[in-house]
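First the structure, in the form of C-alpha cells, and then the observations on it.
Note that ligands are numbered from 1 as they come in the structure, with each ligand's atoms numbered from 1 the same way.
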Amino acid sequence: MKLPVAELHIHLEGTLEPETILHLAGQNNVDLPWPSLEELRAQYDFSNLQSFLDLFYANLAVLRTAADFQQITTAYLRRAHESGVRHVELFFDPQAHLERGLTLAEVISGIRAGLETGLSRWGITHKLIACFWRHAPAESAMEILRTLVREKHAVDGIGLDSSELGYPPVLFREVFAYARENGLHVVAHAGEEGPAEYIVQALDLLQVERIDHGIRCLEDPALVQRLVAEQMPLTVCPLSNVRLRAVDTMAEHPLRRMLDLGLKVSIHSDDPSYFGGYLDANFDAVIAQFDLSRGEQAVLARNSIEASFLDAPAKALLFGEVNAWLESR
Ligand code: HPA
Ligand code: ZN
C-alpha cells in the first residue's frame, strides 16, 4: 500500500513529459527549437529557477486545444495515482496559454474534464488553482482574475509563481484582496529563491493560506517562530530545490531541520517531468536522505491533508487511510 497523500504543489505544465511534448508538437504542427528527444533532453540541466522557466514556457507552445489539456491532465492523474496521491490541488498558469491565443474556457474545460476522469477512474479528488506570473504586471493578473470571477469559471483559488527575485508579493496586494473578497482560496510561492521577507509579505499583505516552498524562512528565526505558532503550511519540493540549485545537494536540504523545528511541512513534486520524479520519487529521496521513520512519513502525509482545501469529512476519510497505512506493516 502506498502512503496516501494530498498533492498541493504541482504545476500541470510541469508534468509534460519530453515524449508528450514531441508527440503534441507533431500533432499540432509546432516547430520546436529541439526537434528530437535527445536534443530536448539535453536542455534539462538547470542552473537556477529562470533557466528552468525559459525551457518550461517554450515547451508550452505545443498545447493548442482543450483536448490537449484534457489529455495531459489525465496522464498526470494516472501517474499520480501510482504514487499514492488521493487528492490534488492542481496549479496552472492562465497567462501562458492566453498568450498563445487559447481562451480561459478552453483551458479550464479541458483541465476539468481530465480532473473528472481522475475522480471517476482513480477516486482522486481535486481543486484547481490559477497561478499568476509575478514577472508580468499585476494589471494582467487582475484582468484575468476579474474575468474568472465575472464568467464564473470553475477555479477554487489563485496562486503566484514564476521568477521570484525582484518581484515581491506586495505587487499583487490588490489582486489577492479581490480574490479573497470573491471567496477564492489564496496561496503563493515565496522563499524559494527569494528572501524570507517575501514570505512575511505573502502572509501580511496577501494573507495567504499556504506558502509554496518557503524553505528560506530558516534565515529569519522570528519568522520561523511565527510559522510554527500559526502552523502555516509550507509545501516543500525537495527534488525541485536540488535541480534548481536552491540547495546544492539533498544532504543540505532543510527538510529535517524544518520538521524538527515543528514547521508544518509537506512534500510535493512541483514540476515532476523536469525535476526527476513524481511524488513517490520525492518521498523516496527524503526517506533515504533523512532516514525518515514510518511515523515521520505519516506526519508528512497528514500535514498535506490538513493543509488541503478539502472539507472536514473528506479530510477525516484521508486521515483514516493514513492510519490504515501505518497499521499495514
Ligand atoms: N517556481 C516558480 N514558478 C514556477 C515553478 C517553480 O518552481 N514551477 C512552475 N512555475
Ligand atoms: Zn512551484
Side-chain angles (χ1 to χ4, degrees), residues 6-17 21 43-61 63 72-73 76 80 85 88-99 107 111 127-136 140-141 157-169 171-172 185-195 198-199 201-202 206 208-217 233-247 253 265-279 281-282 304 307:
E7 172 61 290
L8 308 178
H9 187 159
I10 172 80
H11 302 263
L12 173 63
E13 299 88 344
T15 69
L16 263 181
E17 292 290 342
I21 292 168
Q43 309 302 314
Y44 284 54
D45 184 18
F46 310 117
S47 52
N48 56 24
L49 174 58
Q50 193 60 52
S51 65
F52 151 70
L53 289 172
D54 292 343
L55 176 69
F56 171 86
Y57 294 136
N59 283 336
L60 298 184
L63 294 172
I72 65 168
T73 304
Y76 160 65
V85 172
V88 61
E89 303 198 346
L90 186 63
F91 292 155
F92 73 108
D93 284 352
Q95 283 148 313
H97 311 303
L98 293 175
E99 203 174 69
V107 174
I111 298 174
K127 305 279 177 192
L128 184 58
I129 297 179
C131 281
F132 294 114
W133 278 346
R134 56 207 310 160
H135 73 263
S140 159
I158 67 160
L160 193 61
D161 67 1
S162 189
S163 325
E164 186 177 14
L165 287 167
Y167 302 101
L171 297 169
F172 296 87
H185 288 291
V186 289
V187 299
H189 284 54
E192 177 185 15
E193 278 191 349
Y198 285 16
I199 301 174
Q201 284 190 17
L206 308 187
V208 295
E209 297 162 85
R210 298 194 292 255
I211 297 285
D212 294 313
H213 292 296
I215 55 173
R216 288 192 62 190
C217 72
L234 306 174
T235 64
V236 172
C237 306
L239 290 175
S240 166
N241 295 151
V242 174
R243 287 296 292 275
L244 298 187
R245 314 300 306 271
V247 296
H253 195 280
V265 292
S266 50
I267 298 294
H268 305 286
S269 64
D270 209 4
D271 302 283
S273 63
Y274 287 87
F275 300 149
Y278 288 76
L279 197 52
N282 277 272
S304 75

Query - Presence of N, O or S from Cys237 under 2.8 Å of the Zn ion (ligand 2) - result: no
Query raised in the report: How far apart are the closest heavy atoms of Pro168 and Gln201, and which atoms are they?
Result: CB-OE1, 3.4 Å
Requested in this report: Starting from atom 7 (O) of ligand 1, locate the nearest protein heavy atom and write down its residue, its atom name and how far away it is, to 0.1 Å.
Outcome: Asp270 OD2, 2.8 Å
Query raised in the report: Does any donor atom in the side chain of Gln50 or Ser163 lie under 3.5 Å from an acceptor atom in the other side chain?
Result: yes
Report task. Would you sort out whether His189 and Phe91 count as a ring pair (Phe, Tyr, Trp, His ring centres under 6.0 Å), showing the intermediate values? Result -> CA-CA 11 Å; His189 284 54; Phe91 292 155; 5.8 Å; yes
Query - Whether Phe91 lies under 4.0 Å from ligand 1, heavy atom - result: no
Query raised in the report: About how large, to 10 degrees, is the angle NE2 of His9, then the Zn ion (ligand 2), then NE2 of His11?
Result: 110°
Requested in this report: Among all protein heavy atoms, pick the one closest to atom 8 (N) of ligand 1 and tell me residue, atom and distance.
Outcome: Asp271 OD2, 2.7 Å
Query raised in the report: At their closest point, which heavy atom of Glu193 faces which heavy atom of Leu49, and how far apart are they?
Result: OE2-N, 2.8 Å
Query raised in the report: Which residue supplies the protein heavy atom nearest to atom 2 (C) of ligand 1, what is that atom called, and how far is it?
Result: Ser162 N, 3.4 Å
Query raised in the report: Which heavy atom of the protein is the closest neighbour of atom 10 (N) of ligand 1, given with residue, atom name and distance?
Result: His11 CE1, 3.6 Å
Report task. May I ask you to list the atoms of ligand 1 that are less than 4.0 angstrom from any heavy atom of Phe56? Result -> 9 (C)
Query raised in the report: For ligand 1, is Leu53 a contact, meaning one of its heavy atoms is under 4.0 Å away?
Result: yes
Query raised in the report: In Asp270, the N, O or S atom nearest to the Zn ion (ligand 2) is which?
Result: OD1
Report task. Over 60° means perpendicular and under 30° means parallel, so classify the ring planes of Phe52 and Phe46, tilted if in between. Result -> perpendicular
**Report entry** ring pair (Phe, Tyr, Trp, His ring centres under 6.0 Å), paired with Trp133, selected from Tyr167, Tyr57, Phe172, Phe56
**Finding:** Tyr57
Query raised in the report: So Tyr76 and Ser273, side-chain hydrogen bond (donor to acceptor under 3.5 Å, both in side chains) or not? Walk me through it.
Result: CA-CA 10 Å; Tyr76 160 65; Ser273 63; over 6 Å; no
Requested in this report: Rounded to the nearest 0.5 Å, what's the gap from CG on Asp93 to CG on Leu53? Could you check?
Outcome: 9.0 Å
**Report entry** Proximity to ligand 1 by part of Leu49, non-hydrogen separation under 4.0 Å
**Finding:** side chain
Query raised in the report: Is the closest basic N to carboxylate O distance between Glu89 and Arg210 below 4.0 Å?
Result: yes
Query raised in the report: Is Glu164 in contact with ligand 1, taking contact as a heavy-atom separation below 4.0 Å?
Result: no
Report summary line: When distances are taken from atom 1 (N) of ligand 1, the protein heavy atom at minimum range is Glu192 OE1, 2.8 Å
Requested in this report: Using a strict 4.0 Å cut-off to heavy atoms of His213, name the atoms of ligand 1 that fall inside it.
Outcome: 7 (O)
